[in-house]
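Heads up: the structure comes next, in structure tokens.
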Amino acid sequence: MSELTQATQALTSATQQMQSAKESFESIRQDATQSINAVNANFAEKAASLTITANLGYRNAVEKASGGRNTMILDAQGNENIMVVIPRFNCEDINAAVLAATGVDMQLGVGTHPAFRTNGVDRGEILVGKYLASAGAGSGCSVIGGVQPRTSVNYDTAKSLSANKGDDWHMMSIHEWAAIALWSLANGTVPRGNTNYGRAHDAKWEVSQVMGALLGDISGNARNGTGSGPDTWSHDHGAFGVQDLVGNVWEWQDQMLLDNGQIITTLDNDPSLSEANWYRHAGYLDSPTSNQSGSGNAGTPVLSSVITNRNGPSGSDSHDYPYIGNGLFSSISTSESYSGSEVLRRLLIESVGDAGLTGYVYARNYGKRFPRRGGCWTNGVNAGLGAIDLGLARSIVSSSIGFRPALFV
């Protein structure tokens, strides 16, 4: 055998050995990869199980501590949300309690309050955020205590942030606000809040954890940490009620708008209904004057069946023309042509007497305006459960406006 042949055979043998070693290595690598993947999958499964167990434990602890009045819901984005359970009630029962306590017949009618009805079907309860929305994972939001509320979001963003939490989540509606306010009124637990730079303007010994300013400052940002005030700042004057409805920051409300002065709402609590299908009431917020000069107050709003005086150009969403307003919710008068609306009385838009719900009423009867309620840390006597601002376009953002998620179960 020649030296060349021997060399060729040696090279071939070496090549075969190398290929065999490569295949053996690849087999070892695949086995190792499968083992690692199995370990990772097992770890992920156990971690998920531990997370679920921990969340269930947290939820159970919240429910046990509150006697079932609060619960914790983990949303689709993994954010924690402490919610208050609001049981259904009948309007006649609330009306009777308010009449006995104040002598005012609110004329709420009979049957289930519309906050507990969706497309004509009654619900046993609704869940409302115990706290204002705050920052959450990713671009989402949470409902937890002791943090800064999420502000500087316009109406549509606040609505989307609430809906994106998952099925049946929505931004708190005009129906839900009114239901809680009426319940508080009937039970003698109308809340105070951060209405004077970290304290209650009408009870200055009631203070909160102010973030961004010194307590009692009269300028700057004095928002308080969510739920950091005393129990009298919750809707039931207790530790497990809905916190910060009055003052701190205004709250965007869903399912209502003012379109060139005409009041438009859903007829019951249905966040799935598009704006185009909301009900146009035979009610308008008219002005006592036709003044369109400047941007000041043109007078007290008048509930009417028509608009006789508009304080800005029809269809204009501008804020550069006058508004109509009065310092007391119950001060809204009615024209001779207006026949009254039980639906609007149930939503605390129409009033038939001063039953004790305070708060300023603002409106612009030109363009499309979206509601915010409750007042903020600067508003003093103008804040309250009756406070409603119907003067803002949907695009407005402000450090004094936040929102509150709610959930159907």
Side-chain angles (χ1 to χ4, degrees), residues 75-77 81 86 88 111-123 125-129 133 139-141 143 150 153-180 250-285 307 314-318 341-350 363-373 388-397 401-409:
D75 65 27
Q77 298 153 329
N81 301 274
I86 308 292
R88 185 178 70 201
T112 301
H113 188 277
F116 305 97
R117 179 174 293 157
T118 302
N119 195 23
V121 178
D122 284 1
R123 297 181 178 278
E125 62 190 23
I126 52 178
L127 301 186
V128 173
S139 58
C141 64
V143 179
R150 184 163 184 173
V153 292
N154 64 31
Y155 169 85
D156 292 303
T157 299
K159 187 170 178 175
S160 294
L161 283 166
S162 300
N164 290 345
K165 295 172 80 65
D167 292 343
D168 294 321
W169 284 94
H170 55 279
M171 183 165 73
M172 187 179 190
S173 71
I174 198 81
H175 300 280
E176 290 161 340
W177 179 282
I180 292 170
W250 289 91
E251 299 186 33
W252 285 119
Q253 303 283 284
D254 194 15
Q255 301 183 49
M256 180 189 179
L257 66 89
L258 200 65
D259 186 7
N260 285 318
Q262 185 176 18
I263 299 168
I264 303 174
T265 73
T266 54
L267 292 178
D268 59 20
N269 196 11
D270 189 354
S272 69
L273 199 63
S274 66
E275 280 179 27
N277 293 318
W278 293 359
Y279 182 77
R280 290 182 170 268
H281 295 270
Y284 295 78
L285 287 181
I307 287 282
S314 179
S316 171
D317 291 341
S318 170
S341 168
E342 184 176 277
V343 174
L344 298 185
R345 289 192 291 273
R346 291 178 171 187
L347 295 180
L348 299 180
I349 297 169
E350 176 184 329
R364 287 184 171 89
N365 58 8
Y366 47 94
K368 287 190 175 182
R369 310 294 171 173
F370 290 79
R372 57 178 185 163
R373 300 205 83 152
I388 184 168
D389 185 351
L390 289 163
L392 300 182
R394 69 194 312 146
S395 59
I396 287 294
V397 297
I401 307 176
F403 65 101
R404 188 183 303 263
L407 176 66
F408 292 149
V409 293

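Everything numeric in this text was worked out from a predicted model, so none of it was measured.
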Could you tell me whether the side chain of [X] and the main chain of [Y] form a donor-acceptor pair under 3.5 Å?
X	Y	answer
Thr118	Asn269	yes
Arg404	Val143	no
Arg369	Asp317	yes
Asn154	Val397	no
Trp177	Leu348	no

Salt bridge check, Arg280 against Asp259: does any charged N sit closer than 4.0 Å to a carboxylate O? yes
Angle between ring planes, Tyr155 versus Phe370, binned at 30° and 60°: parallel, tilted or perpendicular? tilted
Stepwise side chain to side chain contact (heavy atoms under 4.5 Å, CB included) test for Val343 and Tyr279: CA-CA 11 Å; Val343 174; Tyr279 182 77; over 6 Å; no
Among His175, Gln255, His281, whose side-chain hydrogen bond (donor to acceptor under 3.5 Å, both in side chains) with Thr265 holds? His281
Yes or no on salt bridge (Lys or Arg N to Asp or Glu O under 4.0 Å) for Glu350 and Arg345, after CA distance, side-chain angles and deciding distance? CA-CA 5 Å; Glu350 176 184 329; Arg345 289 192 291 273; 3.0 Å; yes
Quick one: which of Asp122, Asp268, Asp270 gives a salt bridge (charged side-chain N to carboxylate O under 4.0 Å, His left out) with Arg117? Asp122
Take atom CG in Asn277; do more than 12 heavy atoms of anything else shown fall under 6.0 Å from it? yes
Distance check, rounded to the nearest 0.5 Å: Asp156 atom CG versus Met171 atom CE? 8.5 Å
